[in-house]
Amino acid sequence: MPDVMDDAWLADLLRHRAPLLADPGSATELAGALAARGVALDGDGSVTAALVEAGLLEALDGTWERGWQPADVAHAARRKATAGSVPLVVALIGAHARRTAAAERAPEAWVEQLRELGALDGGAAAGDPTADGAGAVVAGWQRSERRSAAEAWRIALQLLGVLRGSPRIELLVPPPSRWGDARRRASPPGARPGPTAAAGEERALRVIRGLLAKAEATDFAEEAEALTAKAQELMTRHAVDAAVLQGELPAGEVGTRRVHVADPYVRAKVQLLGAVAEANDARMVWYQGLGIATVVGARADLDAVELLFTSLLLQVAQGLAAAERTRGPSASPRAFRRAFLLGYAHRVGERLQEARRRATAEATAAAAEREVDLLPVLRSRTEAVDTALAQLFPKLRTSRSRASVDAGGWLAGQSAAERADVGSRRPPLG
């Protein structure tokens, strides 16, 4: 930082060298200097204008063009710029959504993420067209969060650095620059039409979610296992029935799903996600260093992957807590936990593959009784997913972890995976 910190130097930094501010130390140093000079974050000087107008807004627009979606940006803010920046970035995303009429113009997946973030709530003050400007949004956030000048500057600067430094990732949903004119929606965003196959799918998912929620809430292991098994039975039945009814995947039915994996032990959790995806005939691509994975597969299978992965994360957390109470005092806690998660993911993957082979054999036999050859249908669906993956990620490369792990943690994780319920039991077809 120069001895003379004039407005021109600061404006240049905020516009052109903002990625440097992703470093907490740099953001804290500059925030302290700005606060000491009495520069208000919600003021109207050139420094503030450079941050909120040419800084945060331009940076947010840039992330959309580089393939990021609203939920991705919120995840990056939480992971790289502290949880305190999430309300600010959600407020900025909400202002952007209102300014671009996202509720009427954006793709359904984009609108659903806005809703889940709460970014569609609120809005500009009646009769005040400037209430959704970045300056007003930042000022409102600072007042509601009751941040000191130095703390508010630090969060805003670090968020700016994270946004400016976000890398390019695959464009899965059209960004705002490619949206068409506003259109009337036949139903609220995310809602499904009446008595159709899609409505039946939504009903099945509601039942599955309810079963898993009860399994996660109960204190009785036997009850949790029974509920999880029933949920897996429904997922398996739903996927196989869909293949029998649909045959080859209809156009547009191969979809993508971004999954955000939280610290710590991201690599181990990603391996668990990969095992779940592979067992459900989906493919997973991991953006190393971002904590973001993309899963490609049939849309119904993507729902199953997300639901089962979430449930197994809760099961492994419970198993790890139990294992740590009995492990030897000489083991390194961090090494033990990492090895536990890796061992768990490896063994769960084996069990899921075993269940998949059994389910495929049962489904093939049941279909043969009705003189239906199911194997070509399943093969064609797999090929459709692989083709979509190759089109989305033409430069994809595979990697495998070769790092050493704590033996005790690995064995404890595999033991816990043996006890995890992956729903190997399933009702007969028909």
I'd like to know if [X] and [Y] make a salt bridge, using a cut-off of under 4.0 Å between side-chain N and carboxylate O.
X    : Y    : answer
R164 : E58  : yes
D303 : R257 : yes
D263 : R79  : yes
R105 : D181 : no

Could you measure the distance from the [atom1] atom of [X] to the [atom2] atom of [Y]? Nearest 0.5 Å is fine.
X    : Y    : atom1 : atom2 : value
L171 : Q69  : CG    : CD    : 8.5 Å
R115 : E108 : CZ    : CD    : 8.5 Å
E151 : Q142 : CD    : CD    : 10.5 Å
R147 : R154 : CZ    : CZ    : 7.5 Å
D301 : R381 : CG    : CZ    : 6.5 Å

Would you check if [X] and [Y] make a side-chain contact, meaning some heavy-atom pair closer than 4.5 Å?
X    : Y    : value
V111 : L120 : yes
R283 : D386 : yes
V261 : I292 : no
I155 : W141 : yes
M284 : V270 : yes
L389 : V285 : yes
H346 : L342 : no
L290 : I169 : yes

Take E65 and S177 through the side chain to side chain donor-acceptor pair (under 3.5 Å) test and state the conclusion after the steps. CA-CA 8 Å; E65 299 303 317; S177 63; 2.8 Å; yes

Can you pull the ring pair (Phe, Tyr, Trp, His ring centres under 6.0 Å) pairs that have at least one residue in residues 66-91, sequence neighbours excluded?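 Every ring pair (Phe, Tyr, Trp, His ring centres under 6.0 Å) pair that includes a residue of residues 66-91, provided the two are not neighbours, is H75-H260.
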
Are a donor atom and an acceptor atom from the side chains of [X] and [Y] found within less than 3.5 Å of each other?
X    : Y    : answer
R267 : Q271 : no
S85  : R78  : no
T294 : R258 : yes

Partners of W64 by ring-ring contact (aromatic ring centres under 6.0 Å, His included), sequence neighbours excluded? H96, W110

Using a 6.0 Å cut-off, check whether atom CZ of R66 has over 12 heavy atoms from anything other than its own residue.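 Yes, the 6.0 Å shell around CZ holds more than 12 heavy atoms from other groups.
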
Keeping the roles fixed (side chain from S311, backbone from L307), state whether a donor-acceptor pair exists under 3.5 Å. no

